[in-house]
Q: 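This is the structure, below, for whatever I ask next.
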Number of protein chains: 2
Amino acid sequence: MNIGQAAAAAGLSAKMVRYYESIGLVAPAVRTEAGYRVYGTEGVHTLRFIKRARSLGFSMDKTSELLQLWRDKSRASADVKAVALEHVAELERKIAELRSMADTLRHLAGHCHGDARPVCPILEELSDTPDRVDRTPPG
Amino acid sequence: MNIGQAAAAAGLSAKMVRYYESIGLVAPAVRTEAGYRVYGTEGVHTLRFIKRARSLGFSMDKTSELLQLWRDKSRASADVKAVALEHVAELERKIAELRSMADTLRHLAGHCHGDARPVCPILEELSDTPDRVDRTPPG
DNA sequence: GCTTGACCTTCCTACGGTGGGAAGGTCCAC
DNA sequence: GTGGACCTTCCCACCGTAGGAAGGTCAAGC
């Protein structure tokens with residue numbers, strides 16, 4: 001099985017598979033005499049594992065950790081769980097951040113007329129100085 | 001006002017300000033004879049605008065659009081609103097994606113004993129083949 | 001056998017944004 | 001005139017992925 005088929009079977013591109021090998025995420029593939037990488041069920045299985053971990057948002061580092069735990073038949077499930085929950089916490093942090101952005105922005109948009117006139121609270125919010133101490137009061 | 005002070009006043013680093021100039025996001029700053037960039041209230045105001053837009057998660061491209069709308073005194077607020085709502089939609093899309101990851105992962109973690117034993121549904125989920133047609137059924 | 005096209009190989013580039021640091025110039029206070 | 005804090009440009013790194021160039025290989029069809 002060549003790299004293209006293996007990659008397709010795992011839902012990856014051949015480029016990604018070569019990259020994963022280059023950074024040591026997966027062991028170097030066996031080669032044919034012509035230099036072609038050869039993959040078996042085992043290799044595809046590993047690639048699929050990586051694909052899944054990446055789909056769940058794990059970084060390459062975390063994916064590598066998970067791979068090692070996966071290969072270690074005497075791992076403690078507590079270690080896997082710890083990696084997972086740490087990642088969940090990070091995801092939640094990012095979600096909260098994006099949530100805050102979206103809410104702020106939607107609030108501003110809600111106060112924008114959205115017509116042909118130039119007045120716009122969104123731009124005002126973006127341009128207003130945070131403290132108005134230095135500025136002459138409007139009234 | 002030198003770049004360091006201007007950057008600090010806007011909540012940016014000097015590096016970022018130079019970068020923004022290099023990609024044409026802001027106009028090239030006036031220079032002293034010695035080549036130092038000089039910023040006035042106007043420039044700082046613009047940098048602060050950028051800082052705010054970035055904080056709301058706008059890409060450089062979108063930030064550039066917003067800047068142009070900001071400078072265009074005859075803009076239609078509808079255009080600003082459109083950019084904002086488009087971004088809100090993208091934020092919501094990302095949030096949903098992360099939400100889905102977090103939920104999946106937390107669900108899996110909830111079924112993991114998290115003790116010294118190796119059995120772990122998280123790793124099982126990551127390694128299981130999507131269709132089990134090729135595999136001998138377990139029973 | 002030879003051609004064609006799909007695949008493979010390595011190597012370089014870019015992207016979005018930010019940070020680090022080198023090597024050198026400038027400004028100001030002491 | 002010296003020290004240190006600032007400035008300048010330049011290159012490199014990060015994280016993953018994609019694109020492409022230049023060349024080698026394999027299998028099918030004639």
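The analysis underlying the following values was restricted to heavy atoms, covering all of them including side chains, and did not include hydrogens, waters or symmetry mates. Sequence lines set the chain letters: A, B, ... in the order given, protein chains first and strands last, and positions in each chain run from 1.
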Q: When you measure from the side chain of His45(A) to the backbone of Ser127(B), do you find a donor-acceptor pair of N or O atoms at a distance under 3.5 Å?
A: yes
Q: How would nucleotides 16-29 of chain C be written as a contact map, 5' to 3', with B for base contact, S for sugar-phosphate-only contact and - for no contact, using protein heavy atoms under 4.0 Å?
A: -BBSBB---BBS--
Q: Do you know which two heavy atoms are closest between Arg37(B) and Glu21(B), and how far apart they sit?
A: NE-OE1, 3.0 Å
Q: Measure CG/Leu25(A) against P/dT17(D) and give the value in whole Å, please.
A: 10 Å
Q: Are Glu97(B) and Lys94(A) within salt-bridge range, i.e. N to O under 4.0 Å?
A: no
Q: Between C1' on dC7(C) and CD on Gln5(A), what's the gap in Å once rounded to a whole number?
A: 10 Å
Q: Check the distance between dC11(D)'s C1' and Arg18(B)'s CZ and give it to me in whole angstrom.
A: 14 Å
Q: How many whole angstroms separate atom CE of Met1(B) from atom C1' of dC7(D)?
A: 15 Å
Q: Under 3.5 Å, side chain of Ser64(A) to main-chain N/O of Met60(A), donor-acceptor pair present?
A: no
Q: Separation of Arg37(B) atom CZ from dC6(D) atom P, in whole Å?
A: 17 Å
Q: Applying a 4.0 Å non-hydrogen cut-off, can you work out what Ile3(A) is touching in the nucleic acid: base, sugar-phosphate, or nothing?
A: sugar-phosphate
Q: So, Asp61(B) and Ser59(B): side-chain donor and acceptor under 3.5 Å apart, yes or no?
A: no
Q: In plain terms, say whether Lys81(B) and Glu86(B) are close enough for a salt bridge, that is, a side-chain N and a carboxylate O under 4.0 Å apart.
A: no
